[in-house]
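Before any comments, here is the structure.
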2 protein chains.
Amino acid sequence: MGLKDQSTEAKILNAAKEVFMKFGLYGARMQDIADLAGINKALLHYYFRNKEKLFNAVFESALEKYFQQVTVMGDTSMSVEERLFKYVDNVFDFFEEYPQMTMFIIKEVSINPELFKQKVSKLKENKPFVVPMLQQAIDNKEIAEMDPIVFIVNLHSMCAYPFLGAPLFRGMMKNNGYDWDQVKKEKIKDAVKEFISFKLNRKDV
Amino acid sequence: MGLKDQSTEAKILNAAKEVFMKFGLYGARMQDIADLAGINKALLHYYFRNKEKLFNAVFESALEKYFQQVTVMGDTSMSVEERLFKYVDNVFDFFEEYPQMTMFIIKEVSINPELFKQKVSKLKENKPFVVPMLQQAIDNKEIAEMDPIVFIVNLHSMCAYPFLGAPLFRGMMKNNGYDWDQVKKEKIKDAVKEFISFKLNRKDV
DNA sequence: GTCTATACGCAGATAGAC
DNA sequence: GTCTATCTGCGTATAGAC
């Protein structure tokens, strides 16, 4: 879909997403958003009244997308390991498309923790929460004994950080002849899945 | 050391660190830095000329501390596994003290990649680079076969992300009766070390 | 070295024509 | 709905007294 085909509101939202993602609420400039959307600054206010309201629209859609990744965990037609693999695939695709989103959300929530409390509660209600699901699989002896919270955090770390820290990794590896985005794409995902298999199938606990 | 004992310059730097960490270059306000330092706004300019120069002073000290964590890897009196364990301890202590620093560095480098190229090259020269060290240990059969880059990224992810994403994790877990900072402190570090042992000592490769 | 007062520019927001 | 022109306030930076 080219920019010409979008409604003005959609153009604004897309431009705002990009600029807020990069610079955050305080750093973003309304002028930059208008320029990127190919419209005038005044139109931003016509559609969204003020900067804060525009930001909120972007933030809510970001959070919605972010939590949508987890829905696959509720699909009981697959084994727990298959669901986790699929989840990892989803998360990688998601980060490929929105590499700045996690950073963006973390940054804004860290500046204003209320944001999270306000928005996330209702979103989470409809999603299958992962920890109880894992706990049940452990109780059923379907997977190995583990602390499900620690596992989920480890897993999420290994998925998210390669994208979050990409600016650093790129800088560090370029000097040494590696291409970070290549490594990330080809090898990190497999390593995460290897970690999942290790944790789910180990016999020594 | 109480604030009263610090030189004005040190007070400014400490205040600037805190404010820049939280709000970034664009979001930080000189007035807030002055207030936190307990001095007048004009003094900031007297000592550091302008906002950008003050920011650079903070950024450089942050980057220096950040890369200092890796020096332990050069201590050949310990085994590779011991060095990695020690490294993890260091990194956790470091993040406990400066939870915002990684975020801060990533954010600023992502906005301005030149920052990294300019500063990091000379810092890195004096530090033992981890990947070649691991490669050598692999060649010597001291540790199991693996891709050292992928391993280091996984490791670093598991250490950094629990601090980076703390605002999110806190929000998510508070609703469910868990205290994130407790979990992080007591269990995540052990899980990282377990991962190290798994990767270094596995026989099936 | 440290302060108060002030200049200056930029970014968010509004008024009003079309 | 979209634009140009303009207002207003805030934040950086400077001038100048002490």
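Every value quoted in this text rests on a predicted model; they were computed, and no experiment measured them. Reminder, nothing fancy here: chain letters follow the sequence lines and each chain counts from 1.
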Ring center gap for F92(A) and F163(A) short of 6.0 angstrom =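 Close enough - the centres of the two rings lie under 6.0 Å apart.
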Do F48(B) and F55(B) have ring centres separated by under 6.0 Å?
->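 Aromatic pair excluded; centres sit 6.0 Å or further apart.
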Could you tell me the separation between the [atom1] atom of [X] and the [atom2] atom of [N], rounded to a whole number of Å?
X      : N       : atom1 : atom2 : result
Q6(B)  : dT2(C)  : CD    : P     : 13 Å
L43(B) : dC3(C)  : CG    : P     : 5 Å
L44(B) : dG11(D) : CG    : P     : 14 Å
K51(B) : dC8(C)  : NZ    : C1'   : 16 Å
Y46(A) : dG1(D)  : OH    : C1'   : 5 Å
R49(A) : dT14(C) : CZ    : P     : 7 Å
H45(B) : dA13(D) : NE2   : P     : 4 Å
I39(B) : dG1(C)  : CD1   : P     : 13 Å

Check ion pair [X]-[Y] (N to O, under 4.0 angstrom):
X       : Y       : answer
E194(B) : R202(A) : yes
K184(A) : D181(A) : yes
K86(A)  : D89(A)  : no

Would you indicate, yes or no, if dG1(C) has its OP1 or OP2 atom less than 4.0 angstrom from a side-chain nitrogen or oxygen of T8(B)?
->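 Checking T8(B) against dG1(C): no side-chain N or O falls below 4.0 Å of OP1 or OP2.
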Under 3.5 Å between N/O atoms: give me all the protein pairs with nucleotides 4-10 of chain D, atom names plus distance.
from: dT4(D); atom 1: OP2; to: N40(A); atom 2: ND2; distance (Å): 3.0

Sugar-phosphate only, base, or nothing, as touched by A28(B) at under 4.0 Å among non-hydrogen atoms |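 Since only primed, P, OP1 and OP2 atoms lie under 4.0 Å of A28(B), the category is sugar-phosphate.
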Over 60° means perpendicular and under 30° means parallel, so classify the ring planes of F59(A) and F104(A), tilted if in between.
->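 Taking F59(A) first and then F104(A), their aromatic rings sit tilted (interplane angle of 30° to 60°).
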